[in-house]
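Here the structure comes first, spelled out in structure tokens, and everything after it is commentary.
So that the names make sense, note that chain A is the first sequence line, chain B the second, and so on, each numbered from 1.
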Number of protein chains: 2
Amino acid sequence: MKLTSKGRYAVMALVDLARFDSINPVSLRDISLRQSISLDFLEQIFSKLKKNNIVKSIRGINGGYILNKDPNDIKLTNIFHAVDEKVKTVQCKKDSKKGCNGKATKCITHDLWDELEVHINTFFENKSLQDLVKNNRDSRV
Amino acid sequence: MKLTSKGRYAVMALVDLARFDSINPVSLRDISLRQSISLDFLEQIFSKLKKNNIVKSIRGINGGYILNKDPNDIKLTNIFHAVDEKVKTVQCKKDSKKGCNGKATKCITHDLWDELEVHINTFFENKSLQDLVKNNRDSRV
DNA sequence: ACCATACCTGACTAAAACGGTCAAGTTTAG
DNA sequence: CTAAACTTGACCGTTTTAGTCAGGTATGGT
Ligand code: FES
Ligand code: FES
């Protein structure tokens, strides 16, 4: 299971973006300053977000990024997937017939981790960017 | 968030132990062989489990470990806590007034991670060792 | 035309975490 | 008295993390 800074920052940056992009594109510099995230790191992250069609870029002066979809249609799952944070709790390869112990049968705890995986993914699938923006409406930076 | 081999092995080993400890203490050697876990690593893990009163040790020949509580009373939460796998999704210190960004206010995604933390912990609190043993009754190694 | 702004790309790296191993015990049953 | 099993703590190679650095390229405002 992975939940690292990359994923955390991705979500943070997108919430920021969603709140400010209504008028103009938002530059990474602004996000960097507002959220205290390294600019270089943000560029790395947004490169991936762009490849996954979550944001669009506008180059040149006054350029920046804008969302490529409705915030309601951007689920946390999508974001994590874009930045390669996989919620993977089982150790074995899902399709393989072998267990994580190298034996022919699944290990003694396989079902448990699988259940947990579903549990967590459900959480991420039910949360959209819009939900997060809504919760932050009153506490503007 | 952490979910590493140590936690996984701890659960795996305890399920194994729970299934075999009815008659005699179970030696780590046996668990090691049955579950394909390094013996040295198991010793490290069981040392912690013992400190947290989850298992008892019986020294000498024919010794081994036995559970220190009813399998129904051993929740996964307890196991993870014992081996220092903390389900910690927020980045900031909970009690601190400062956010993970160093600012005075909580970061824009703090509530989200907090909610996730509760979501996962609930899962672990509702699962006991007994539940896992039950599910493996039919598929004996 | 120019140039500042902002996106874009890839290589690089210090530090931490992971997944153990190794060594040197101590305790107890048989 | 000795072998089996627990006990403790140091150690370490590899991988991942969380960025940094260095150089681009595109574009629009003046
Ligand atoms: S996690 Fe799938 S076999 Fe162990
Ligand atoms: S996670 Fe608590 S302030 Fe960011």
Let me check something: do A/L39 and A/I45 share a hydrophobic cluster, defined by ILVMFWY side-chain heavy atoms less than 4.5 Å apart, either directly or through other members?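 Yes, one cluster joins them.
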
Quick one: on DNA chain C, does A/K51 or A/N62 contact a more 5' nucleotide (nearest heavy atom)?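 Whichever sits nearer the 5' end wins; that is A/N62.
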
Does a nitrogen or oxygen in the side chain of [X] sit under 4.0 Å from OP1 or OP2 of [N]?
X	N	value
B/Y9	C/dC18	no
B/S57	D/dT7	yes
B/K50	D/dC6	no
B/S27	D/dC6	no
A/T4	D/dA18	yes

Quickly work out the [X] [atom1] to [N] [atom2] distance and round it to whole Å.
X	N	atom1	atom2	answer
B/K6	C/dT21	NZ	C1'	14 Å
B/N24	D/dA5	CG	P	12 Å
A/L28	C/dC8	CG	P	8 Å
B/I61	D/dC6	CD1	C1'	13 Å
B/R29	D/dA3	CZ	P	14 Å
A/L3	D/dT16	CG	P	17 Å
A/K86	D/dT17	NZ	P	11 Å
B/L39	D/dT7	CG	C1'	12 Å

On DNA chain D, does the nearest nucleotide to B/Q91 precede the nearest nucleotide to A/I58 from the 5' side, or the other way round? Give the residue.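 Between the two, 5'-proximity favours B/Q91.
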
Would you jot down, in residue-number order, the residues of residues 40-48 of chain B having a non-hydrogen atom under 4.0 Å from DNA chain C?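 Result for residues 40-48 of chain B: B/D40, B/F41, B/Q44, sorted by number.
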
Ion pair present between B/K127 and A/E115, side-chain N to carboxylate O less than 4.0 angstrom?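 Answer for the salt bridge query: yes.
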
For a quick check under 3.5 Å, do A/K75 and A/S128 share a side-chain donor-acceptor pair by atom type?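 Side-chain D/A pair, A/K75 to A/S128: absent.
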
Look at the rings of B/H119 and A/H119 and say which category their plane angle falls in: under 30° parallel, 30 to 60° tilted, over 60° perpendicular.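 Aromatic pair B/H119/A/H119 classed parallel.
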
Can you classify the ring geometry of B/F46 versus B/Y65 as parallel (below 30°), tilted (30 to 60°) or perpendicular (above 60°)?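 Rings of B/F46 and B/Y65: tilted, 30 to 60°.
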
Is any side-chain heavy atom of B/L14 closer than 4.5 Å to a side-chain heavy atom of B/V55?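 Side chain of B/L14 against side chain of B/V55, heavy atoms only: contact under 4.5 Å found.
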
A/L76 side chain reached by A/L132 side chain, heavy atoms, under 4.5 Å: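 In short, these two side chains touch, coming nearer than 4.5 Å.
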
I want to verify a distance call: between D/dA18, D/dG29, C/dT28, whose nearest atom is closest to the B/R59 side chain?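 Among the listed nucleotides, the one closest to the side chain of B/R59 is C/dT28.
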
